[in-house]
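For reference, the structure discussed in these notes is given below.
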Amino acid sequence: MERDYGPGARQDVIAGFGLHRYAWHICLLFTVPWFLRRRVPRLPADRVSYHRTRGRITVRAGEFACLTDDPAAALPGARPVADEEALRAELRAAVAERLGPVLDGFRPRMRRGSRALWRMAADEITRTVARRRAAGGRAARGGGVDGAAAGPR
């Protein structure tokens, strides 16, 4: 932060940037498989490592939700669900399980209430899906770069 914005940045501003940069990448872990394959992984904290300085996320895959007609529904760890609405509910639950403790940890530093932090998380989810859609549209027209890989704005 000091390198980019100079010394003396407010703690809540620094925390906001940190939360955005973390949450955007974490949301990709859920929204990309949901958008591309209609699968929702369960990724509790012990299955994800975020290496900020190296720009890497390490994930140990495990359980995931999918639709009953998905070929992966028979795989170990698959939890088939009835329809798209049930899959969206799985997406919301998986993101809440992963980001809930993170938001709780950021709350004191950001001077924001629970609703405001969850609104920020919802924005990150929406941005990852929108960028993925835009990237898919460009790819279908024969051009563009994968929007998911471009990083947070």
Side-chain angles (χ1 to χ4, degrees), residues 1-68 70 77-138 145-153:
M1 276 300 288
E2 283 189 17
R3 182 189 71 221
D4 295 338
Y5 300 102
R10 293 188 346 228
Q11 186 177 21
D12 60 318
V13 173
I14 293 170
F17 277 113
L19 177 60
H20 166 65
R21 288 182 177 173
Y22 175 81
W24 193 87
H25 290 95
I26 293 301
C27 287
L28 285 173
L29 298 176
F30 298 100
T31 59
V32 170
W34 171 78
F35 185 77
L36 295 178
R37 299 287 180 139
R38 289 301 188 248
R39 297 178 187 158
V40 177
R42 282 292 178 152
L43 300 172
D46 65 343
R47 294 194 165 271
V48 178
S49 297
Y50 181 63
H51 310 279
R52 183 187 59 79
T53 56
R54 294 193 330 223
R56 297 192 186 272
I57 297 175
T58 306
V59 177
R60 284 185 298 139
E63 188 176 308
F64 64 97
C66 61
L67 297 171
T68 55
D70 187 327
R79 286 184 5 288
V81 298
D83 55 25
E84 288 283 344
E85 181 53 40
L87 195 61
R88 283 190 295 273
E90 289 286 335
L91 177 63
R92 290 188 299 269
V95 171
E97 175 185 54
R98 186 69 190 100
L99 284 184
V102 174
L103 296 179
D104 289 343
F106 272 86
R107 186 174 298 125
R109 287 197 161 86
M110 291 188 62
R111 302 184 314 185
R112 303 284 186 276
S114 180
R115 284 184 180 196
L117 291 177
W118 277 109
R119 181 65 217 152
M120 290 175 72
D123 287 346
E124 299 301 341
I125 295 166
T126 303
R127 285 182 194 146
T128 60
V129 171
R131 301 246 348 244
R132 183 67 248 169
R133 272 199 180 121
R138 285 193 303 270
V145 176
D146 182 356
R153 289 190 171 177

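The model shown is predicted, which means the values in this text are computed figures rather than measured ones.
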How many angstroms lie between CD1 in Ile26 and CG in Leu99, if you round to the nearest 0.5 Å? 7.5 Å
Between Met110 and Gly16, which heavy-atom pair has the shortest distance, and what is it? CE-CA, 3.6 Å
Taking Arg112 for the side chain and Asp12 for the main chain, is one N or O donor matched with an acceptor at less than 3.5 Å? no
With a 4.5 Å heavy-atom cut-off, do Arg79 and Glu63 have their side chains touching? yes
Within a strict 4.5 Å, meaning less than it, do heavy atoms of the Arg42 and Arg47 side chains meet? no
What's the shortest heavy-atom distance between Pro41 and Ala94, and which atoms? O-CB, 3.5 Å
Give me the ring orientation class for Tyr22 and Tyr50: parallel if the planes are under 30° apart, tilted from 30 to 60°, perpendicular past 60°. perpendicular
Taking only residues two or more places apart in sequence or in another chain, which ones pass side chain to side chain contact (heavy atoms under 4.5 Å, CB included) with Pro80? Thr68, Ala73
Taking all non-hydrogen atoms of both residues into account, name the closest pair between Cys66 and Ala78 and its distance. SG-CB, 4.3 Å
Under the rule for salt bridge (Lys or Arg N to Asp or Glu O under 4.0 Å), what residues qualify as partners of Arg107, not counting sequence neighbours? Asp104
Who pairs with Arg37 by salt bridge (Lys or Arg N to Asp or Glu O under 4.0 Å), at least two apart in sequence or on another chain? none
Quick check: do Arg38 and Glu84 have side-chain heavy atoms less than 4.5 Å from each other? yes
Non-hydrogen side-chain atoms of Arg127 and His20 separated by less than 4.5 Å: yes
Ala23 versus Glu124, closest heavy-atom pair with distance: CB-CG, 3.9 Å
Report yes if some heavy atom in the side chain of Leu103 is under 4.5 Å from a heavy atom in the side chain of Leu19; otherwise report no. yes
Arg115 atom CZ, over 12 foreign heavy atoms within 6.0 Å: no
So do the side chains of Arg88 and Trp34 get within less than 4.5 Å of each other, counting heavy atoms only? yes
Under the ring pair (Phe, Tyr, Trp, His ring centres under 6.0 Å) rule, collect the residues that match up with Phe64, sequence neighbours excluded. none
Is it true that Asp70 and Arg39 make a salt bridge, defined as a side-chain N closer than 4.0 Å to a carboxylate O? yes
For Thr53, side chain to side chain contact (heavy atoms under 4.5 Å, CB included) partners two or more places apart: none
Those residues at least two apart in sequence (or on a different chain) that pass salt bridge (Lys or Arg N to Asp or Glu O under 4.0 Å) with Arg119 are Asp123
Taking the side chain as every heavy atom from C-beta outward, state whether Leu43 and Val59 have any pair of such atoms under 4.5 Å apart. yes
Classify the side-chain pair Thr31/Thr128 by whether it contains a donor and acceptor separated by less than 3.5 Å. yes
Roughly how far, to the nearest 0.5 Å, is CH2 of Trp118 from CD1 of Ile125? 7.5 Å
Roughly how far, to the nearest 0.5 Å, is OG of Ser49 from CD1 of Ile57? 10.0 Å
